[in-house]
Each structure stands twice: as C-alpha cells, then as structure tokens.
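Heavy atoms only: backbone and side chains are in, while hydrogens, waters and symmetry mates are out.
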Amino acid sequence: MVVIVGLILGLMLSALDFVIVSASMRTIADELHGQTLQAWATTAYFVTSTIATPLFGKLSDIYGRKKLYMSAITIFLVGSLLCGLATTMYQLAAFRAVQGIGGGGLAALAFAIMGDILTPELRARYQVYFSSVSAVAGVAGPPVGGMFASADTLLWIDGWRWAFLINIPIGLVALVVVGLLFKMPSRRREQRVDFGGAAWLVVGLGPLLVVAEQGRHWGWSSPLTLGLIALGLAGLVAFLVTERRMGDAAVIPLRLFRDRVFSVVNGVNVIVGIGVFGSLIFLPLYLQLVKGQSPGEAGLMLILQTAGVLSTSRGFSKTINRSGRYRDFLLAGMGLVSATLFVLATLDSGSSLWLVGGLIYLLGAGVGICFPVTLIALQNNSRKEDMGVASAAYSFFRGIGGAAGTALFLSLMFSLAVGRISEAVGRASSGAEFSAAAADPAVIANPANQKVLDTVSGSGAVDLDDTSFLLHADRRIAAPVVDGIADAMSTVFFAGGCVMLVGFLLSFLLPGAKRPGKAPEPSPAPVGEQTAAS
C-alpha cells in the first residue's frame, strides 16, 4: 500500500495537470494571444512525454524504478514552474515540452511498478486505486481549472498561472513520500540505452507534427511543408533501422511486434489517442465558445466525463480480467466512443445542455472501457522481464496518437472556422436582426463588436487568436461567429468518429478470449536477443 500511495501521488500530478489545463486553455490562449496556436502547447507536451515514456521505462529496467520515478517528478515540477512564468504561447509550448518529459516518466513508471509488484489477479483489483486518481482529478480538476481561469488574480498572481503552479505543493509532497517511504528492491542490469533511437524519433515525429499544425499557413504543397515531411519520414526510417540494430536495448524492441496482442493493442492505442485526445480537447472549447459558459461552468459540466470514465472502468476492470474477453470489451468501448462522437457532430449553438451533458458522460464511459482493457490485455500478455518496456509502449503509442490527433484536429478546426465564420456572417448580414444591431450606434461603439463588423465590411476576417471579444460582444453580432465555430467543431467531431471507427474495425484482429488473470508462458527469445538482454 505504501508503494501504491507513492504511485498515486505521482500520477495525481499528471492527471490533475491535464484536466486543469484543458479547462483553462481557452483563457490561457486568450491571455497569451494565441488561441490558434494552442496546438503547440498541447502537442509539445505530448511529443516529449511520448519520447520520454519508453526511455524512462528502459532506464528503470536497468537502474531501478525509484530514482527514475523521483527524477520524473522533479522534471515535471520544474516544467510546471516555468509554465507558470510564460509570457507568450511559444514560451508556454517550450515549457510544456519540459513538463512533458516528467509526465512521460510518471506514466511509464507508475504502470511498470504496478506490473512488477502485482500478480495478474491483483492488477484488476488495484485498478480501483488508480481509478481514484482519475476520480479526484476529474471531479476536482475542471472546477479548479475554471476557478483559476475566471480569477483575474489569486495571491497577486494571474489566476490562469495557478493552473500550473498548483502542481508545486502536490509534487513536493509526492517527492517526500516517495523518497522516504518508497522501498522497492532493485538490481542493476547492464544494458545499452537507445539514445540514438530516441533522437531519431524526435527527428521523425517533430517535423511531421509541425507540418500538421503549420501546413495550413504555409500551404500543403509548399517547399517548406514538403521538405519537413521528407525529413520526418527519413527520421522514422532511421528510427526503425536503429531499433533493429539495437535489439533488446531498443526504445521499443521490434521483437515485441511479433506478438499479435502487443501489435493490435498498440495499434488501437494510436487510434484511441488520435480520436479521444484529439476530440476531448474540444469539449471545454465547445462549452465556452459555442454555449457561452464561463470556465467554471464548463469545468462543472466536464465532471460528467469523469463520472462516465469511473462508472465503467471501476465496474469492468475485474470482469475484464476474470473473463479474459479483451476483444469483446474493446469493441464495446470503441463502438461507444465512435457513436458518441458522431452524435456530437450534430450539435450546434442551440443544442440542449441536457443532450450535451449526456454525450459527455457517454464519451467518458467509452473511454473508461478502452483504456483499462488495453492495459490489462497488454500486461497479462507480457513476459516479466518485458513489463517495463511493454508498459512504456502502452503510454508511448497512446501519446503518439494524442499528439497527432491534437495537432491535426486543432489545425482542422481553425482552418475551417475562419471560412465558416465568414459564410455565417455573410448569411446573417442580410437578416433583419443582425442589420438592426449593425446599425445601432451603441453596438458600433463597442470595440468587441468591431471584429465581426469588419468582416461584414470586407476589411478583414475575424481574428481567433483572442476570442475574449465574444464575452462582451452583442449577442446578435456574435451569433454568426458562434455558429461558424460550432460548424467547424462538428466537422472535427465527425472526423474523430471516423478515426474511432477505424479502431473499432482494428479491434476485431485481437485474439478471442484467453485464460483470464494469467499471462501466457514466455517464449524463448532468439539467441541474439538473449545475448543483448544479458
């Protein structure tokens, strides 16, 4: 239980951070005048955490878990402090990258340690404790993030900065508890560390994610875009060549992909990352930009998502492990998420909040099935000596999907939004209500309305880097802007549903029911791999 407490405190950092920042991001982006740049801050975290995850897993296999776990907490706290001091969106993105290194270590090592100390029969039982982290973060995080975002200042510091600074006291407590009470035997294993593979992974992923975010500005056929795509593909090829050469010392040993469960589960993990993380980031944006809720009100609505996650993850974890019917449960989770995203795509600015709340709950319920079943299937199918790298691979592939989904969907949304807002403003400008508002001297004198009125006159498109003008604009003037944003978000939710539908079909490749609660007997590694491991 002492070890579990140490893991929970560390996971609480990353879980709270993700939820609080998501609830606050609209205000943060407005304050830093970078609403259309927010993908940088999100993908920077995902990229570094994705690359750090397998490295921390590999290093912990060699040097032991405790030192690496404490290092991950420390790096996360340094990144949190720097994020709280950021003055531009690009600075925030750089500091979120630092934070992501620590976050990747926390996720990888928590699940690896759980796999080390618990038998397959106990893993599902102790999922309840890990679910409690999601419960606390999911219930407390959105309202807290909304409170920070709504406050002009708190203790003489900008309110939104506390979305990052709140990590400092929690992290210090975690460091003390883990440092003093975390006792776990470890033995050093001499093995090479694949820093070359990690470097090539940065070269491969970095340019492709930059293109996903900036390609709409540069032009998809521009020399810069094509050059970065070529660089990214070359980096990925070099990464695969390096992984093959490194054998068991690789960031992700390629021999693991010979196992069907490992390959299918992590393929699904990429899809889940793209569809779920790429779509979840729009829920607080929809509630605030389209439904006009305050950050605090949106935070309270997002508690429904946590309720959905907990209602299924807590209820099904033991059943999944006992039955061993991984494929059936995965199909149910993927199908529920996909169907919910398709319904979300039908929403507009006039949709009932009751319907929106129900869909948020169902989306969480689907996620609460997908995540536990993939983790349990992966760990119960892994050899003991591969537990660290297999658990890291779980977070690694989900992180790749999350980074890609966030960059692609935010880019898609803001690419579509400007044009659809212009179309909506054009349609509204011929209506009596809008025309009356546009001719009202009081409306014209309000600077918040000027962005929309400029669009009507043809002198410029609406600047979405700072959407705070919607808080003060005349409702009749703001309506077409809101409708254009809602229309763009509908396309994003539809795209997310299509992505999850691909994952649903991929889930059919997962083998049928296995003997529950027991990992398969490990097959002997080839002679070359045994030598590399030794």
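- Looking only at side-chain heavy atoms (C-beta outward), Thr88 and Leu32 stay at 4.5 Å or farther from each other.
- Contact between Pro372 and Val367 at its shortest, heavy atoms only, is CD-O, 4.1 Å.
- Arg161 places a side-chain N or O within donor-acceptor distance of the main-chain N or O of Ala86, the cut-off being under 3.5 Å.
- Of all heavy-atom pairs spanning Arg327 and Leu510, the tightest one is CD-O, 3.1 Å.
- The minimum heavy-atom distance between Ala238 and Trp200, with the atom names listed, is CB-CD2, 3.4 Å.
- The shortest side-chain heavy-atom distance between Arg398 and Val270 does not fall under the 4.5 Å cut-off.
- For the atom pair CE (Met334) and CZ (Phe508), the distance works out to 11.0 Å, reported to the nearest 0.5 Å.
- Using a 4.5 Å heavy-atom threshold, the side chains of Ile281 and Phe409 count as separate.
- Closest approach of Cys370 and Val337 over heavy atoms only: SG-CG2, 4.5 Å.
- Put simply, the side chain of Ile20 reaches to within 4.5 Å of the side chain of Ser24, judged on heavy atoms.
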Inset, instruction - For side-chain contact (heavy atoms from CB on, under 4.5 Å), just list the numbers for Tyr90 and Leu37, CA-CA rounded to whole Å, side-chain angles, deciding distance to a tenth of an Å, and then say yes or no. - result: CA-CA 8 Å; Tyr90 290 113; Leu37 300 174; 3.7 Å; yes
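- Between the side chains of Ser71 and Thr74, not a single donor N or O lies within less than 3.5 Å of an accepting N or O.
- Contact between Ala365 and Thr312 at its shortest, heavy atoms only, is O-OG1, 2.9 Å.
- Looking only at side-chain heavy atoms (C-beta outward), Val203 and Leu236 stay at 4.5 Å or farther from each other.
- The nearest pair of heavy atoms linking Trp218 to Leu228 is CZ3-CD1, 3.4 Å.
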Inset, instruction - List the steps and the verdict of side-chain contact (heavy atoms from CB on, under 4.5 Å) for Phe414 and Gln35. - result: CA-CA 9 Å; Phe414 286 110; Gln35 194 68 241; 4.0 Å; yes
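- At least one side-chain heavy atom of Tyr45 sits under 4.5 Å from a side-chain heavy atom of Asp17.
- Rounding to the nearest 0.5 angstrom, the gap separating the CE atom in Met413 from the CD atom in Gln38 is 8.0 Å.
- Within the model, atoms OG1 of Thr374 and CG of Asn269 stand 4.5 Å from one another, a figure rounded to the nearest 0.5 Å.
- Between Phe257 and Phe262, the distance from one ring center to the other falls under 6.0 angstrom.
- Of the possible donor and acceptor atoms, none in the side chain of Thr242 sits under 3.5 Å from a partner among the backbone N and O of Gly197.
- When each of Leu82, Leu81, Asn167 is tested with Gln99 by the rule side-chain contact (heavy atoms from CB on, under 4.5 Å), just one qualifies, namely Asn167.
- Counting only heavy atoms from C-beta outward, the side chains of Trp220 and Val211 approach each other to under 4.5 Å.
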Inset, instruction - Could you walk me through whether Phe371 and Val272 pass the side-chain contact (heavy atoms from CB on, under 4.5 Å) test, one step at a time? - result: CA-CA 9 Å; Phe371 285 175; Val272 170; 3.1 Å; yes
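- Taking CG from Leu240 and CZ from Arg245, the interatomic distance works out to 12.0 Å, rounded to the nearest 0.5 Å.
- Taking the side chain as every heavy atom from C-beta outward, Ser415 and Leu412 never approach each other to under 4.5 Å.
- The neighbour count for Phe342 CZ, taken as heavy atoms of other residues, nucleotides or ligands under 6.0 Å away, is above 12.
- With values rounded to the nearest 0.5 angstrom, Ser338 atom OG is found 12.0 Å from Leu331 atom CG.
- Within the model, atoms CZ of Phe164 and SG of Cys83 stand 5.0 Å from one another, a figure rounded to the nearest 0.5 Å.
- Side-chain atoms of Ser263 never come within 3.5 Å of backbone atoms of Arg260 as a donor-acceptor pair (strictly under, hydrogens ignored).
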Inset, instruction - Evaluate side-chain contact (heavy atoms from CB on, under 4.5 Å) for Val98 paired with Thr48, printing each intermediate quantity in order. - result: CA-CA 7 Å; Val98 175; Thr48 54; over 6 Å; no
